Engineer: 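Pasting a structure here, questions to come.
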Amino acid sequence: MSQPFPFTFDIVAEDPATHARAGVLHTPHGDVPTPIFMPVGTKATVKGLMPSQVADLGAKIILANTYHLAMRPGAELVAQMGGLHAWERWDGPILTDSGGFQVFSHGDHVKLTDDGVTFRAVDYDGSYVTWTPEENMRIAELLGSDICMQLDVCPGYPCDRAFLERAVDLSSAWAERCWRAHTRPDQALFGIVQGGMDLDLRLLSLRRLEEMGDFPGYGIGGYSVGESHDVMFESLAPLAGEYMPRHKPRYLMGVGNPTTLVEGVGVGIDMFDCVLPTRTARMGTAFSDEGRLNLKNACHRADPRPIGEHCGCPACAGGFSRSYIHHLVKQREMLGGILLSLHNTWYLLDLMARARRAILDGRYAAFMAEYRDRLDGRRDF
RNA sequence: GGGGAUGUGGCACAGCGGCAACUGCGGCGGACUGUAAAUCCGCUCCCUCUGGGUUCCUUGGUUCGAGUCCAAGCAUCCCCA
């Protein structure tokens with residue numbers, strides 16, 4: 001590749017009444033229409049689904065995780081086997097998360113230093129893993145994703161002020177080191193805004209990233225870590241809606257449930273990812289316009305209806321009934337989790353496609369209101 | 001006909017004098033947000049439920065107290081004729 005790939009982001013339409021916008025993100029493996037939901041394939045697989053199925057669902061970009069792949073089987077092996085795309089048989093764009101979230105999820109086993117972070121890989125062999133921004137970039141480049149995320153520190157909620165500030169400082173410092181260490185021209189590096197629920201800290205974090213370099217996109221990390229929906233939007237809404245650069249994609253990391261996606265688009269978010277559709281699917285839960293459905297519940301035992309009456313996913317359109325899926329889930333048959341993964345992933349992809357259409361039509365506010373009404377107070381998060 | 005073994009909550013299995021009874025399965029419900037997750041957490045004899053009632057094949061007995069010890073009966077399984 002002689003020419004550095006231009007990771008441009010074109011805004012196609014902006015909603016007149018909200019901060020929602022529709023755009024296109026250009027990557028070496030194809031264009032990504034936004035707003036978009038990105039299915040998560042941590043260990044180089046969207047659990048339970050063939051890449052072709054993921055593509056057929058309408059997915060335009062998927063995730064993988066540098067921490068997990070570095071642990072097993074190792075980034076060198078993936079590179080040796082031709083890189084992530086060839087290896088996992090996914091031709092579209094791939095975004096790799098850095099492992100900052102894994103550091104957070106390892107809780108007590110983590111030691112942060114200025115140089116990096118050391119923690120016990122209790123999810124593998126219990127060995128101590130040291131992670132530096134430079135090593136993180138090296139792995140991301142070996143994997144060969146289209147977009148990689150900086151190494152960051154993701155605090156939980158609630159979080160004391162001192163740690164929150166430290167998380168912002170370290171994330172900023174590490175962003176700069178990632179920026180310097182990153183070399184692949186066909187891979188975009190996104191910075192990550194931290195700062196918890198504090199808008200001022202968020203703005204400080206954002207300003208540092210903007211001063212540091214011309215990041216092709218920005219992640220917003222550290223949300224959906226235990227706070228309520230309202231607490232989240234109190235700082236997220238002004239951050240995304242008023243302060244983040246207009247011409248760069250905004251990626252709300254780790255979110256989420258359908259309602260938050262719809263509201264998130266309304267405050268100006270372009271990209272989302274979440275394990276929820278595939279994880280809850282394997283546990284027997286389905287998304288629907290009526291809220292979440294637990295297919296394990298006995299009420300579905302003899303229900304001949306599909307999960308969604310008008311759903312176009314392979315499970316619903318394929319004629320699989322709630323009764324049958326209830327049976328599969330109760331018997332722990334693989335197909336149960338697969339059908340629900342197909343359904344849930346379709347649901348979020350379709351939800352964002354519907355959102356995009358509404359933005360293009362200039363009626364996103366009405367779309368949001370309709371979605372809220374359809375849920376009719378029922379819980380989906 | 002003779003000998004041996006076993007009977008515990010929907011099922012399987014523990015319990016060897018203080019037990020409303022271990023554990024697993026099953027059943028019912030809940031949680032899940034940049035995947036330590038096909039995982040995890042409750043509840044699962046009855047009731048007027050910070051208490052009360054009735055339980056461990058049946059009946060009788062020993063004991064302050066019995067699922068646990070004794071006797072008889074019933075049932076099931078195995079072996080030999």
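Note that the coordinates shown come from a computational prediction; the quantities given were computed from them, not determined experimentally. Throughout, protein chains are lettered first and strands after them, A, B, ... in sequence-line order, and every chain is numbered starting at 1.
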Engineer: Quick one, which residues of residues 195-209 of chain A touch RNA chain B with a heavy atom under 4.0 Å?
Structural biologist: none

Engineer: Report the distance from atom CG of A/N257 to atom P of B/A31, rounded to the nearest whole Å.
Structural biologist: 13 Å

Engineer: Between the base of B/G34 and the side chain of A/D152, is there a donor-acceptor distance below 3.5 Å?
Structural biologist: yes

Engineer: Distance check needed: B/G30 P versus A/R292 CZ, whole Å only.
Structural biologist: 12 Å

Engineer: Answer yes if A/M197 and A/L236 sit in the same cluster of Ile, Leu, Val, Met, Phe, Trp and Tyr residues linked by side chain heavy atoms under 4.5 Å apart, and no otherwise.
Structural biologist: yes

Engineer: For B/U55, what is the paired nucleotide under Watson-Crick or G-U wobble rules, both distances under 3.5 Å?
Structural biologist: none

Engineer: Rounded to the nearest Å, what distance is computed from the CE atom of residue A/M38 to the C1' atom of nucleotide B/G34?
Structural biologist: 8 Å

Engineer: In this structure, how many angstroms lie between the P atom of B/G34 and the OH atom of A/Y218, rounded?
Structural biologist: 24 Å

Engineer: In whole Å, measure the gap between the P atoms of B/C57 and B/G53 for me.
Structural biologist: 22 Å

Engineer: Over how many whole Å does the gap from A/R301 atom CZ to B/G27 atom P extend?
Structural biologist: 10 Å

Engineer: Salt bridge (charged side-chain N to carboxylate O under 4.0 Å, His left out), that's the test. Do A/E290 and A/R374 meet it? Break it down for me.
Structural biologist: CA-CA 7 Å; A/E290 310 156 36; A/R374 191 137 11 143; over 6 Å; no

Engineer: State the pairing partner of B/G10; accept Watson-Crick or G-U wobble contacts with both distances under 3.5 Å, and report none otherwise.
Structural biologist: B/C25

Engineer: May I ask you to say whether A/E134 pairs ionically with A/R138, meaning some side-chain N is under 4.0 Å from a carboxylate O?
Structural biologist: no

Engineer: Nearest-nucleotide wise, let me know which of A/N294 and A/P155 is further upstream toward the 5' end of RNA chain B.
Structural biologist: A/N294

Engineer: Tell me the interatomic distance from A/Y223, atom OH, to B/U33, atom C1', rounded to whole angstroms.
Structural biologist: 15 Å

